[in-house]
Protein chains: 2
Amino acid sequence: MTNISKEDYLSVIFKHKDQNEEIKATVIAEMMNISGAAVTDMLKKLSKEGDVKYEKYKGIKLTKKGENYARNMVRRHRIWEVFLHDIIGVPWEKVHDEAHRLEHSASDELIDRMEEMLNFPEYDPHGDPIPAKNGMIPKLRKHVPLSCMKPDSVCSVVRVNDFHKEFLNYISGIGIKLNEKIVVEEVRNFDKSLRINVNGSSFDVSQKLADNVFVEIVTI
Amino acid sequence: MTNISKEDYLSVIFKHKDQNEEIKATVIAEMMNISGAAVTDMLKKLSKEGDVKYEKYKGIKLTKKGENYARNMVRRHRIWEVFLHDIIGVPWEKVHDEAHRLEHSASDELIDRMEEMLNFPEYDPHGDPIPAKNGMIPKLRKHVPLSCMKPDSVCSVVRVNDFHKEFLNYISGIGIKLNEKIVVEEVRNFDKSLRINVNGSSFDVSQKLADNVFVEIVTI
DNA sequence: GGCTAAAGTTAAGCGTGCTTAAATATAATG
DNA sequence: CATTATATTTAAGCACGCTTAACTTTAGCC
């Protein structure tokens, strides 16, 4: 098993933990765009190497070892993201893919040096927390999807999902960025679309969009 | 054939051109630390893809296509080297390996952006020329190995070979760096070792070392 | 020119990470 | 609880980039 594949599998399993309880093989396959058979295959190898605890038809769980490995990969990825974004000026929507390619290649030494240059950032450009070298993961401010907000409330962007490039491109185009203030002007019940005001300009956004922007409530 | 392997083969062939005429399969094998059989194998594939002109037992030559590909890889590598060295502060002797891992992963866009940040450098940290986006390769100043210098002559470092980490580490330890002035104080005929003065301090260096430091003559 | 050493090639095989198709286990539903 | 749908696993096979061992060509030397 080459490291890059292993790293990708472990990262996917690790990142999923934030959201649900135990990841399904199907989900891994989907996230990585590979067949289910490939997942079963790799799980056996990862299990043999002690990175996941895995029993046929039962469940998939990172071992302590696997979790450490994965957390470090997420760390590497997110430090690259900040570096690319803040230092090199790579635009929001391109940061993820670029970082994904680079995260496997840099030495830990280089990652640490970049982290230092960046002054030990706690969050990546999408608002996701960056695990520290010692394993600590910064807490996120309490946040809800923008789609939950009521009319005439005000909120501030804490995190955005980075699954979809077009989405990131679009929202950055209308001025949404981390810590940006959003005023919810109107919520339409029939389709849950919202009229929001960002930095003085108003835009209509779908519920789907609002589902993927997470905000801290400023005024209800 | 995955890109990374192809890229390595083409780079090795390309870089060799500076020195000799036509590269031998044995040399490729040595440089890449693989068997001769693997080289033959890959040459067939590269030939089929039109990157090298290759005839059994005859010779190995890059096609125009292969040369463009290779030149771009060398470009990528050397821009990474400058970036790592100048921006991130990676020490001289670690720059090559780190860049080698990264050169396969970055997008061309990122490379261009880094080049711009660096103000379109012409030489990498070892003094090797960086091919421009349009394919132009900066000329090197006229230079000779330090080992050719006569006693009481003065020279300036133009380029160093970057094959060996310990070597780079050692020479940087005694103050040798690009454009540094070196005064040759003494040359011993029996072993061709030299006593040189760098930045006020004197050191004895072997011929072997001096063979790998290339200098421009200031005073004969 | 003939012989040997060196260089290069072929053949067979291996580990990796996939694939598809078929088999089997689990979950969901009436 | 039986049946169907879904999830997972197995089996067979493939492309890749290697390896070693055996073979062939070329180059160097007398």
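Note on naming: letters A, B, ... go to the chains in the order of the sequence lines (proteins, then strands), and numbering restarts at 1 for each one. Values in this document were obtained by computation on a predicted structure and should not be read as measured data.
Side-chain N/O atoms of B:K58 include one lying less than 4.0 angstrom from OP1 or OP2 on D:dT26. Remark: B:Y57 is not in phosphate contact with C:dT10, judged by side-chain N or O atoms under 4.0 Å from OP1 or OP2. Within the structure, a side-chain polar atom (N or O) of B:S35 is placed less than 4.0 Å from OP1 or OP2 of D:dT19. In terms of phosphate contacts, B:Y54 brings a side-chain nitrogen or oxygen within less than 4.0 Å of OP1 or OP2 of C:dT9. A close approach under 4.0 Å does occur between a side-chain nitrogen or oxygen of B:K56 and OP1 or OP2 of C:dT10.
Taking the six-membered ring for Trp and thresholds of 30 and 60 degrees, A:F83 and A:W80 have ring planes more than 60 degrees apart, a perpendicular arrangement. Below 30°, between 30° and 60°, or above 60°: for A:F214 and A:H143 the angle between ring planes is above 60°, a perpendicular geometry.
Rounded to whole Å, atom C1' of C:dG15 lies 15 Å from atom CG of A:N3. Rounding to whole angstrom units, CG of residue B:D41 and P of C:dA11 are separated by 11 Å. Rounded to whole Å, the distance from CD on A:E22 to P on C:dA27 is 12 Å. The NZ-C1' distance, from A:K48 to C:dT16, rounds to 13 Å in whole Å. Nucleotide C:dT10 holds its P atom 16 Å from the CE atom of B:M42, rounded to whole Å. C:dC18 atom C1' lies 14 Å from atom CG of A:L43, rounded to whole Å. Separating the CD1 atom of A:I23 from the P atom of D:dT8 is a distance of 10 Å, rounded to the nearest angstrom. Rounded to an integer number of Å, the gap from B:E55 CD to D:dT25 P is 15 Å.
Ranking C:dT10, D:dT25, D:dT10 by closeness to the B:T40 side chain, first place goes to C:dT10. Closest to the B:A37 side chain, of the nucleotides D:dT8, C:dT10, C:dT19, is C:dT10. With C:dT20, D:dT10, D:dT19 as the candidates, the nucleotide lying closest to the side chain of A:K44 is D:dT10. Side-chain proximity of B:K45 to the nucleotides D:dC18, D:dC16, D:dA7 is greatest for D:dC16.
Among the protein residues, B:A25 comes within range of the sugar-phosphate backbone only, with heavy atoms under 4.0 Å from sugar or phosphate atoms but none that close to a base. If you check every strand for non-hydrogen atoms under 4.0 Å, B:K6 touches nothing. Using a 4.0 Å heavy-atom cutoff across all strands shown, B:T26 reaches sugar-phosphate atoms only and no base atom. As judged by a 4.0 angstrom heavy-atom cut-off over every strand, A:S5 is placed among residues touching the sugar-phosphate backbone only.
The shortest side-chain heavy-atom distance between A:K15 and A:M31 does not fall under the 4.5 Å cut-off.
Heavy-atom nearest nucleotides on DNA chain D were determined for A:G36 and for B:G36, and the one closer to the 5' end corresponds to A:G36.
Electrostatic pairing of B:D97 and B:K165 counts as a salt bridge here, judged by a charged N lying under 4.0 Å from a carboxylate O. Salt bridge present: B:K6 and B:E49 bring a charged side-chain N and a carboxylate O closer than 4.0 Å.
Under the 3.5 Å distance criterion, with hydrogens and angles disregarded, a donor-acceptor pair is assigned to the side chains of A:H104 and A:D8.
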